[in-house]
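Sequence positions, counted from 1, serve as the residue numbers for this chain.
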Amino acid sequence: MSFRSIFHRIKMRLISSASHLSFKPFREHTIVFESFGGRQISDSPLVVYQDIKTRYPDVSCYWSIGRSSELQSYCDRNNIPYVIRESFSWVKVLEKSDVWVSNARFPAWLNKPKRVQFIQTWHGTPLKKLGLSIERVEMPGTSTELYHSNFVHEANRWDLLVSANKYSSNIFRKSFGYENEIFEIGYPRNDELINASQKDIEQLKTKLKIPKNKKVILYAPTFRDDQFYKIGKYKFSLPFKLDDFEKQFGMNTVLILRMHYLIANEIDVSKYKNVVFDFSNYSNVSDLYLVSDMLITDYSSVFFDYAYLKRPILFYPFDFDNYKDKLRGFYLDYQSDLPGEIAYNQNELFNLISETLTNNSTPLSLKFKTFYQQFCYIHEGNSGKLLADRIMDKKYKKN
């Protein structure tokens, strides 16, 4: 083990010990926001943050972010107060605050004072199995028993869990062993999908430098639990050839890559200028949904959100049997319940892309409409406001 690794371990032990000190709460009402383990300023926590800053300007807000200099510069430029994740200051600010708002999990060693409300927005309607539903955990650095135990412990630190629909609520209860309150209002991050105008979409294309005279395909796969370099660092290879895509579709179509945050930076697209765009590190995935004409995914929950737009969705589970039988498994019947066609190899995928681009004015199928009624029925576009008001009402009552 290197000196650097030893030093890091000692440092983390000291910081985790600080988590059990008794800090007096801030005098002013304080909320800490975090998105995807401090990797981004994004998603539902950002929507709630923006609403609270607009309508409750007296509330003090911090963002929990990683050590990325890019992210710190972003916060500095936009006057966003922040603390560096897993630092002494981070522990102190979290434990002196009133509310935590996150879309993922905090470290198990972090102490949560009883007065603190932990608002869990989560990050998608589940297709693949989660938590206790995973019978055999293949992730590095843990065992099935430990993973289950940690998941249940973490889930029951949440005081309120946001859900997009009844289907999700039922799964969260069972798979998380969750016993506290569920707020079934839809995901705040999807408000943008419901409220955006055509003018907004055109402005986004200009901002992202997406050609306005071409069709736009968004490819958003998930990571594989058993494909990794080390704990927390996963790998991924594109299951189709970009050369072939460019040759067949490059004249009239562009491809946006949006990799899961655990496999971002794995793909080099530098030779495909103006044909392939890698927006894996772009913070607002809803913008990418809005500028695209079609979504391609595998087992990611992104299609539940994309369905709000009522645009074509294709599924490309190139490793279907392994994923279904050995890694995760699904809550839905993958081959009959999904709102789109399925391809299992590159040839099938490209044929479906071609058909979909040609027939993009085809009415929605009965299967898609049924799916929409089950999963997208909460679509008032005000979830961020509802959650912000709920947080503020609860908080002021407690204080």
Side-chain angles (χ1 to χ4, degrees), residues 44 122-130 133 161-176 182-196 215-222 258 285-286 288-290 292-318 320-321 323-324 328-344 348-349 351-383 386:
S44 294
W122 202 240
H123 49 265
T125 297
L127 166 67
K128 55 184 182 287
K129 290 185 177 180
L130 301 169
S133 298
L161 171 59
V162 176
S163 170
N165 43 57
K166 181 62 68 177
Y167 160 89
S168 296
S169 300
N170 292 336
I171 288 175
F172 292 156
R173 287 282 185 215
K174 180 179 179 181
S175 297
F176 296 171
I182 291 179
F183 199 29
E184 203 171 285
I185 56 168
Y187 289 124
R189 69 184 186 187
N190 289 333
D191 290 350
E192 181 183 0
L193 303 181
I194 296 159
N195 297 324
K215 292 293 184 180
V216 181
I217 298 173
L218 172 62
Y219 179 54
T222 193
R258 172 64 178 204
V285 69
S286 293
L288 306 183
Y289 297 155
L290 286 167
S292 63
D293 299 286
M294 177 197 316
L295 169 69
I296 301 172
T297 187
D298 44 20
Y299 319 112
S300 172
S301 65
V302 294
F303 71 91
F304 287 99
D305 298 337
Y306 193 82
Y308 282 97
L309 296 173
K310 298 182 178 179
R311 298 177 189 172
I313 304 172
L314 300 180
F315 295 89
Y316 184 32
F318 58 91
F320 179 72
D321 289 333
Y323 199 94
K324 174 176 65 73
R328 288 290 188 103
F330 312 109
Y331 293 110
L332 297 178
D333 186 325
Y334 192 95
Q335 294 173 301
S336 64
D337 294 340
L338 303 188
E341 299 298 321
I342 303 174
Y344 296 97
E348 292 179 357
L349 176 65
N351 286 340
L352 284 176
I353 291 173
S354 182
E355 291 173 16
T356 305
L357 290 174
T358 303
N359 303 315
N360 62 349
S361 60
T362 303
L364 296 173
S365 66
L366 176 60
K367 185 164 68 170
F368 191 106
K369 291 178 180 178
T370 301
F371 179 91
Y372 190 93
Q373 290 170 0
Q374 181 178 2
F375 299 104
C376 305
Y377 61 86
I378 301 175
H379 50 223
E380 286 76 18
N382 63 348
S383 300
L386 290 175

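Side-chain atoms of F183 and L161, non-hydrogen and from C-beta on, never get closer than 4.5 Å to each other. Two residues are said to be in side-chain contact when any heavy atoms from C-beta on lie closer than 4.5 Å; V162 and W122 fail this criterion. A heavy-atom distance below 4.5 Å is found between the side chains of P126 and Y167. Proximity of L290 to E192: side-chain heavy atoms (C-beta onward) are separated by under 4.5 Å at one or more points. In this structure the side chain of Y344 reaches within 4.5 angstrom of the side chain of F320, judged on heavy atoms.
To the nearest 0.5 angstrom, L218 atom CG is 8.5 Å from R258 atom CZ. Going from atom OG of S286 over to atom OH of Y187 covers 13.0 Å, rounded to the nearest 0.5 Å. Note that CZ of F303 and CD1 of I313 are 7.5 Å apart. Values are rounded to the nearest 0.5 Å. Within the model, atoms OH of Y316 and CD1 of I353 stand 9.5 Å from one another, a figure rounded to the nearest 0.5 Å. In this structure, CD1 on I378 lies 10.0 Å from CG on L386, to the nearest 0.5 angstrom. Taking CG from L314 and CG from N351, the interatomic distance works out to 11.5 Å, rounded to the nearest 0.5 Å.
In the model, N165 has a side-chain atom that pairs as donor or acceptor with a side-chain atom of S168 under 3.5 Å.
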Stepwise side-chain contact (heavy atoms from CB on, under 4.5 Å) check, I342 with E348
CA-CA 8 Å; I342 303 174; E348 292 179 357; over 6 Å; no
Would S163 and S169 count as a side chain to side chain donor-acceptor pair (under 3.5 Å) here? Give the steps.
CA-CA 6 Å; S163 170; S169 300; 2.8 Å; yes
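Between L364 and K369 the shortest heavy-atom distance is O-CE, 3.6 Å. Considering every non-hydrogen atom in both T356 and P312, the closest pair reads CG2-CB, 3.5 Å. The two atoms that bring F330 and K128 nearest to each other are CD2-CA, 4.2 Å, heavy atoms only. The two residues G340 and K367 make their nearest non-hydrogen contact at O-NZ, 4.0 Å. Nearest heavy atoms, K166 versus Y377: N-OH, 2.9 Å. For the pair N195 and G381, the tightest heavy-atom approach, listed with the atom from each and the gap, is ND2-O, 3.0 Å.
In this structure, the side chain of R311 engages the main chain of S292 through a donor-acceptor pair within 3.5 Å. Looking at S383, its side chain does come within 3.5 Å of a backbone N or O of I185 through a donor-acceptor pair. Using modelled atom types, no side-chain atom of D293 and backbone atom of K215 make a donor-acceptor pair closer than 3.5 Å. Although no hydrogens or angles enter the test, the distance criterion places no donor-acceptor pair under 3.5 Å between the side chain of Y323 and the main chain of G329. Distance alone, capped at 3.5 Å, places no donor-acceptor pair between the D298 side chain and the P317 backbone. Looking only at distances, a side-chain donor or acceptor of T297 sits under 3.5 Å from a matching main-chain atom of A220.
Between F375 and F371, the two ring planes are tilted [angle within 30° to 60°].
Both cation-pi conditions hold for K310 and Y372: the charged atom is under 6.0 angstrom from the six-membered ring centre and inside a 45 degree cone around its axis.
Counted within 6.0 Å of CD on E341, heavy atoms from surrounding residues, nucleotides or ligands total 12 or fewer; the atom is thus considered open.
Salt bridge annotation for D305-R189: present, with a cationic side-chain nitrogen under 4.0 angstrom from a carboxylate oxygen.
Aromatic ring centres of Y334 and Y299: separated by under 6.0 Å.
Residues passing the ring-ring contact (aromatic ring centres under 6.0 Å, His included) test with Y289 are Y306, sequence neighbours excluded. In this view, K129 and S133, I134, Y331 satisfy the side-chain contact (heavy atoms from CB on, under 4.5 Å) rule, not counting sequence neighbours.
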